[in-house]
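Here the structure is laid out as structure tokens; the discussion comes afterwards.
Chain A is the first sequence line, chain B the second, and so forth, proteins listed ahead of strands; every chain is numbered from 1. The shown structure was predicted, so the numbers you read here are calculated from the model rather than taken from an experiment.
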Number of protein chains: 2
Amino acid sequence: MPKVGQEPIRKAALVSATIHEIGKARSLDVTVGQIARTAGMSTALAHYYFDSKSALFIAAMRHVLGEFGRTVRLGLRRASGPDERLRAIVEASLGSDQFEEHVVAAWLVFYVEAQRAPEAARLLRIYTHRLHSNLVHELLQLTGRARAREIAQGAAAMIDGLYIRHALGNDTWGGQNAVRFVTDYLEVMLAAGDAVRRRAE
Amino acid sequence: MPKVGQEPIRKAALVSATIHEIGKARSLDVTVGQIARTAGMSTALAHYYFDSKSALFIAAMRHVLGEFGRTVRLGLRRASGPDERLRAIVEASLGSDQFEEHVVAAWLVFYVEAQRAPEAARLLRIYTHRLHSNLVHELLQLTGRARAREIAQGAAAMIDGLYIRHALGNDTWGGQNAVRFVTDYLEVMLAAGDAVRRRAE
DNA sequence: TTTTTTTTATTGATCAGTCAATCAGCAAAA
DNA sequence: TTTTGCTGATTGACTGATCAATAAAAAAAA
């Protein structure tokens with residue numbers, strides 16, 4: 001049975017199983033044994049491919065973040081013009097892909113882990129910065145730099161907030177409307193910026 | 001040494017130690033032993049006053065939520081007029097009290113716990129509903145019911161998002177500006193509502 | 001008032017269970 | 001025969017919870 005070239009297959013299976021199990025347990029409190037069993041192998045083999053449990057978690061987090069990045073890039077490639085592109089970013093962040101149950105749980109859990117594990121914090125910072133600079137890049141076509149940065153911060157915070165409220169089931173809206181909340185915010189803030197600018201002139 | 005009437009003192013010490021230890025560990029992964037030692041007693045005594053570890057966590061969460069509720073009520077009592085009162089709500093949510101290191105960590109950890117423990121979920125829902133209805137109550141003086149609800153949802157999401165970004169150190173602004181982000185949002189959304197209404201007339 | 005009983009407060013020791021990690025060793029390719 | 005893939009068994013450390021035992025205060029009884 002032992003074939004060569006199993007490493008990438010096994011690692012992928014373990015990463016996928018990790019996300020799945022975290023989603024099921026809704027917590028990082030998942031044993032390597034559970035993960036390994038779900039991935040169809042022994043505990044020892046899981047440790048053969050990943051030195052430690054936390055290394056496995058980091059790999060899982062990197063995978064979720066990678067998936068997200070790919071979704072954003074795909075959305076951006078399809079959109080044209082700043083408005084459409086802003087919408088694409090928001091949709092990638094609050095789209096149905098990201099709202100899959102186990103992905104949601106993984107994100108929440110990673111948020112907590114980012115408080116302790118430096119590597120997890122680093123990964124999350126990359127996500128934050130990318131979201132911010134993506135938003136600013138488009139907003140710069142529509143307003144000044146200072147205002148673009150401010151609106152991007154507000155929108156990013158709103159995205160995170162809507163995400164968490166959905167994750168905890170504390171939302172009355174469906175996932176659909178979440179996008180509208182942010183796009184409304186962007187639209188209104190940009191219009192208000194115009195008003196301010198006009199008033200100043 | 002054993003005196004009567006220790007129960008409230010011991011329980012308060014345990015709750016306080018729990019919040020402190022969660023803040024230090026930045027995780028729910030804290031042993032009863034650690035908490036008990038910090039509270040100046042044995043593990044067995046901690047179990048004497050709280051049946052289980054999770055009962056202790058729930059008590060700690062109830063305490064944090066209670067403190068928050070008190071802060072909101074105090075702020076509301078001091079404010080007059082819907083604008084001031086809205087500001088008071090936001091300030092209570094994003095004020096320096098709530099940004100104390102261990103309180104922040106406790107909130108984040110409770111968010112995750114709310115995914116599994118029904119009682120934790122219930123407590124968090126109370127917080128969510130209270131924040132929402134507080135906001136709606138004031139907004140109703142300034143706009144229609146449907147719009148009030150929508151703006152309240154957006155503002156609440158933004159508050160949570162700003163909170164988490166601060167908790168993770170992913171904020172470039174200081175805690176101060178966080179309040180301004182939300183009040184700006186409220187102001188602009190209300191103004192836009194007026195514009196829409198005027199346009200419709 | 002003194003004595004006895006009950007209640008409250010407290011702990012060290014320990015149980016029963018869990019878990020991450022290791023290791024020695026086997027099987028099949030290369 | 002060396003490398004890669006794989007596992008059962010085991011280790012060592014930890015943890016929540018329980019319990020028997022003890023001390024002091026309060027209440028009841030004498």
Side-chain angles (χ1 to χ4, degrees), chain A residues 1-61 106 109-110 112-113 116-120, chain B residues 1-22 24-61 109-110 112-113 116-120:
Chain A
M1 228 188 261
K3 292 166 230 158
V4 121
Q6 290 297 99
E7 182 164 337
I9 297 165
R10 293 297 200 182
K11 281 195 169 179
L14 280 168
V15 163
S16 164
T18 302
I19 294 163
H20 190 264
E21 287 299 309
I22 287 177
K24 209 162 74 178
R26 298 188 172 282
S27 139
L28 259 188
D29 227 334
V30 175
T31 67
V32 176
Q34 278 168 48
I35 294 168
R37 208 177 318 124
T38 301
M41 68 190 85
S42 69
T43 309
L45 191 55
H47 272 100
Y48 174 72
Y49 285 116
F50 289 95
D51 286 347
S52 70
K53 188 183 179 180
S54 76
L56 180 51
F57 283 143
I58 294 294
M61 188 170 174
V109 160
F110 289 150
V112 174
E113 193 62 6
R116 315 193 274 175
E119 182 63 10
Chain B
M1 231 187 257
K3 294 165 227 156
V4 119
Q6 291 297 100
E7 181 163 340
I9 297 165
R10 292 300 200 183
K11 281 196 169 178
L14 280 168
V15 162
S16 164
T18 302
I19 294 163
H20 189 263
E21 287 299 308
I22 287 177
K24 208 162 75 180
R26 299 189 173 282
S27 137
L28 259 188
D29 227 334
V30 175
T31 67
V32 177
Q34 276 169 49
I35 294 167
R37 208 177 318 124
T38 300
M41 68 190 87
S42 68
T43 309
L45 193 55
H47 271 100
Y48 173 72
Y49 284 115
F50 289 95
D51 285 348
S52 68
K53 188 183 178 179
S54 77
L56 180 52
F57 284 143
I58 294 295
M61 187 170 173
V109 159
F110 289 150
V112 173
E113 192 63 4
R116 317 194 272 176
E119 182 63 11

Go through it in stages, so that I can follow the logic: the residues are B:F57 and B:I22, the test is side-chain contact (heavy atoms from CB on, under 4.5 Å), and I'd like the CA-CA distance, side-chain angles, deciding distance and then a yes or no.
CA-CA 10 Å; B:F57 284 143; B:I22 287 177; 3.8 Å; yes
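Rounded to the nearest 0.5 Å, atoms CD (B:E113) and OG (A:S27) are 7.5 Å apart. One distance of note links CD1 of A:I35 with NE2 of A:H20; it measures 12.0 Å at 0.5 Å rounding.
The phosphate of C:dT10 has OP1 or OP2 within less than 4.0 Å of a side-chain N or O from B:R10. At the phosphate of C:dT10, OP1 or OP2 sits under 4.0 Å from a side-chain N or O atom of B:Y49. Checking the phosphate oxygens (OP1, OP2) of D:dC6, a side-chain nitrogen or oxygen of A:Q6 falls inside 4.0 Å.
The interatomic distance linking A:I9 (CD1) with D:dC6 (C1') rounds to 14 Å, in whole Å. Between B:F50 atom CZ and D:dT18 atom P the separation is 15 Å, expressed in whole Å. Rounded to an integer number of Å, the gap from OH of A:Y48 to C1' of C:dG25 is 14 Å. Counting to the nearest Å, the P atom of C:dT22 and the NZ atom of A:K53 are 14 Å from each other. When the P atom of D:dA17 is taken as reference, atom CD of B:Q34 falls 15 Å away, rounded to whole Å. With rounding to whole Å, A:L14 atom CG is found 13 Å from C:dA20 atom P.
In the set D:dT18, D:dT7, C:dA20, D:dT7 carries the atom at the smallest distance from any side-chain atom of A:M41. Of the listed nucleotides (C:dA21, C:dT11, D:dT18), D:dT18 has the atom at the smallest distance from the side chain of B:H47. Of the candidate nucleotides D:dA17, C:dA21, C:dT10, C:dT10 has the atom lying nearest to any side-chain atom of B:L45. Comparing D:dG16, D:dG5, C:dT22 against the side chain of A:A44 picks out C:dT22 as the nearest.
Remark: the backbone N or O of B:V30 is paired with a side-chain donor or acceptor of B:K53 at under 3.5 angstrom. Within the 3.5 Å criterion, the main-chain N or O of A:A12 finds no donor-acceptor partner in the side chain of A:S16.
When both distances must be under 3.5 Å, the Watson-Crick or G-U wobble mate of C:dT1 is D:dA30.
Residue order along DNA chain D, read from the 5' end via each residue's closest nucleotide, puts A:E7 first among A:E7 and B:S54.
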